[in-house]
Participant: 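Questions regarding the structure given below will be posed in turn.
Side chains included, hydrogens not; waters and symmetry mates left out as well; all remaining heavy atoms used. Order of listing sets the numbers, starting from 1, for every ligand and every atom in it. Small disclaimer: the values here were computed from a predicted structure and weren't measured. Positions are given from 1, in the same order as the sequence printed here.
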Amino acid sequence: MDLGIAGKWALVGGASKGLGWGCARALALEGVNVVMVARGAEVLEAAAKELRFEAMVEAAAGWKTPQIITVAVDITTEAGREAIWNVAGGPGKNYDIVVTNAGGPPPGDFRDWDREAWIKAIDGNMLTPIELIKATVDGMAARGFGRIVNITSSAVKAPIDVLGLSNGARSGLTGFVAGASRSKIAGQGVTINNLLPGKFDTDRIRATLPAMAQKQGKTVEEMRAIQQAQIPAGRYGNPQEFGAICAFLCSQHAAYMTGQNVLADGGAYPGTY
Ligand code: NAP
């Protein structure tokens with residue numbers, strides 16, 4: 001299926017690996033020009049180099065080879081975002097697609113988190129996506145097309161005890177998006193949706209598993225096996241399949257979907273709705 005977005009410009013946060021990389025890749029393979037952001041320049045450049053090659057091969061399908069630009073900055077800072085808007089060869093703030101994403105907050109016990117820990121989590125997982133939306137959404141509306149996808153977490157629907165910072169900060173973003181997505185921009189071709197990962201095999205899960213394992217008195221390998229057995233699909237997801245869902249939400253075909261929280265979790269969430 002042609003997603004109808006070749007030639008558009010996408011900004012993808014946290015794009016050097018994991019879920020952000022999956023989204024950047026799926027968009028680039030649809031002919032979308034992508035600005036990839038992460039802090040570590042070396043890993044980011046290596047990911048972009050591979051993607052440029054893959055996208056060039058895929059472009060033989062009929063569209064122009066997309067541009068893939070990297071910006072090695074901390075997207076949660078104002079200076080980082082300024083660097084993104086000003087990157088040479090980029091579209092300024094005139095993005096058609098924005099995938100908001102950065103690392104998740106650390107796991108732990110809520111008794112140990114002080115105000116600073118909360119502010120950091122809220123900055124990264126709530127205020128940064130809101131700043132990115134604020135900067136780009138009116139331009140999208142003026143041009144009559146826009147897609148914003150926020151990578152949040154299944155923890156928004158079913159909280160995870162050791163991820164209290166994530167449960168809280170992302171719920172704030174979810175509430176904001178519920179309102180903003182239904183504002184005037186909904187009639188101007190702009191959609192805002194949240195894509196909620198369950199358990200995906202990325203560095204993030206490798207970082208949170210030890211805390212969960214310790215809490216339950218298991219080894220990391222035992223914990224991994226327990227988690228996968230609890231997922232109806234019987235496995236963790238992978239970034240490529242996450243990226244494919246993201247690209248669909250960014251497509252012309254998803255124009256009538258907005259303000260939604262789309263779970264990608266192999267059936268792990270047990271609710272009917
Ligand atoms: P990951 O594999 O650790 O990748 C995170 C990416 O974000 C990397 O490219 C990282 O590169 C970049 N990044 C982190 N902090 C950044 C910052 N401040 N500015 C710019 N880039 C930043 O994580 P993931 O699994 O893809 O997770 C993506 C998001 O989904 C996270 O918020 C995570 O909490 C959430 N999530 C993941 C899962 C899962 O199962 N994987 C489940 C639920 C929610 P640098 O470190 O070089 O910056």
Participant: Salt bridge check, Glu78 against Arg81: does any charged N sit closer than 4.0 Å to a carboxylate O?
Facilitator: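 No, Arg81 and Glu78 are not salt-bridged.
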
Participant: I need the contact residues for ligand 1: any residue with a non-hydrogen atom closer than 4.0 Å to the ligand, ordered by chain then number.
Facilitator: Gly14, Ala15, Ser16, Lys17, Gly18, Leu19, Ala38, Arg39, Gly40, Val73, Asp74, Ile75, Thr76, Asn101, Ala102, Gly103, Gly104, Ile151, Thr152, Ser153, Arg170, Pro197, Gly198, Lys199, Phe200, Thr202, Asp203, Arg204, Ile205

Participant: Could you give the side-chain donor-acceptor pairs of residues 261-272 under 3.5 Å, partners two or more places apart or in another chain?
Facilitator:
residue: Asn261; atom: OD1; partner: Asn194; partner atom: ND2; Å: 2.8
residue: Asp265; atom: OD1; partner: Gly267; partner atom: N; Å: 2.9
residue: Asp265; atom: OD1; partner: Ala268; partner atom: N; Å: 3.4
residue: Asp265; atom: OD2; partner: Ala268; partner atom: N; Å: 3.3
residue: Asp265; atom: OD2; partner: Tyr269; partner atom: N; Å: 2.7

Participant: Between Arg235 and Asp201, does any NZ, NE, NH1 or NH2 come within less than 4.0 Å of an OD or OE carboxylate oxygen?
Facilitator: no

Participant: Restricting to ring-ring contact (aromatic ring centres under 6.0 Å, His included), what partner residues turn up for Phe242, sequence neighbours left out?
Facilitator: Phe200

Participant: Would you kindly say whether Thr152 and Asn150 are connected by a side-chain donor-acceptor distance under 3.5 Å?
Facilitator: no

Participant: Using the ring-ring contact (aromatic ring centres under 6.0 Å, His included) rule, collect all pairs that involve residues 124-158, keeping only residues at least two apart or in two chains.
Facilitator: none

